[in-house]
Amino acid sequence: DIGSAANGINIDTAGVISDNNGNIILNDTVDIGSASTGINVTTAGVISDINGNLSINDSTDITGELTVSGKATIGSATAGVGRLTVTGAEIGKALLILNETGDQNILTASASGTTVANLDRSGNLSIEGSLSDLSGSTLSIDDNVTITGTTLTIAANGSIVPASAGSLTVGNGSTTV
């Protein structure tokens, strides 16, 4: 024991350092590891990586706020290309689960501070702009569609084609094509 058994640290014969009372106080900046690898801890509680390769290899519970000023990658040791990259597989589960437990939107997307999409807690998706098929072919909607706006516009030379034989009803049902 360094200090006392109640108020100090213990170094066992295997070189494991433990705190006797759960309260280590730093009175100076400390390098843990070596001058070229390891971490640096300041008296202000700032932890920095000496060689730029900080790796936490354990289950870690962060109960406060976590701020990342650079890119963050979850699920890989290889840095992602976006500000937040989630990669990997969770067999039988979604890769990312967003569980909003309050009374706000589940997801909001914005461009330069202007909201362009919201997924609300009822599953309603609201967007600004256009909805289109990414491959440039046909956008398929596998459900009934209700249009609550006053106008449905079809591009020049566009058409409405029934997928199978039958009729197409327009307006309040008084016109059938």
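Starting from 1, each residue takes its place in the sequence as its number.
Looking at residues two or more places apart in sequence or on another chain, you find a side-chain hydrogen bond (donor to acceptor under 3.5 Å, both in side chains) between Ser137 and Asp133, Ser135. Shown here are the side chain to side chain contact (heavy atoms under 4.5 Å, CB included) partners of Leu66, two or more places apart in sequence or in another chain: Ile62, Val68. Checked against side chain to side chain contact (heavy atoms under 4.5 Å, CB included), Ser76 has the following partners two or more places apart in sequence or in another chain: Thr73, Thr78, Thr87. By the side-chain hydrogen bond (donor to acceptor under 3.5 Å, both in side chains) test, Asp49 is found to be paired with no residue, residues two or more places apart in sequence or in another chain being considered. Contacts of Ile154 classified as side chain to side chain contact (heavy atoms under 4.5 Å, CB included), with partners at least two apart in sequence or in another chain: Ile160. Residues passing the side chain to side chain contact (heavy atoms under 4.5 Å, CB included) test with Ile127, sequence neighbours excluded: Ala117, Leu125, Leu131.
With rounding to the nearest 0.5 angstrom, the CG atom of Asn124 is 10.0 Å from the CD1 atom of Ile106. In this structure, Leu107 CG and Leu96 CG are separated by 9.0 Å, a value rounded to the nearest 0.5 Å. Taking CD1 of Ile74 as the start and CG of Leu95 as the end, the distance is 9.5 Å to the nearest 0.5 Å.
Within the structure, the salt bridge (charged side-chain N to carboxylate O under 4.0 Å, His left out) test picks out the following pairs touching residues 96-120 (sequence neighbours left out): Glu100-Arg121. Evaluation of the salt bridge (charged side-chain N to carboxylate O under 4.0 Å, His left out) test over residues 75-94, restricted to residues two or more places apart or in two chains, returns none. Listed by first and then second residue, the salt bridge (charged side-chain N to carboxylate O under 4.0 Å, His left out) pairs that reach into residues 123-132 come to none, sequence neighbours excluded. Applying the salt bridge (charged side-chain N to carboxylate O under 4.0 Å, His left out) definition to pairs two or more places apart or across chains, none involves residues 66-81.
Shortest non-hydrogen contact noted between Asn40 and Ile50 is N-CG1, 4.1 Å.
In the hydrophobic clustering of this structure, Ile147 groups with Ile141; members are Ile, Leu, Val, Met, Phe, Trp, Tyr whose side-chain heavy atoms approach within less than 4.5 Å, directly or through other members.
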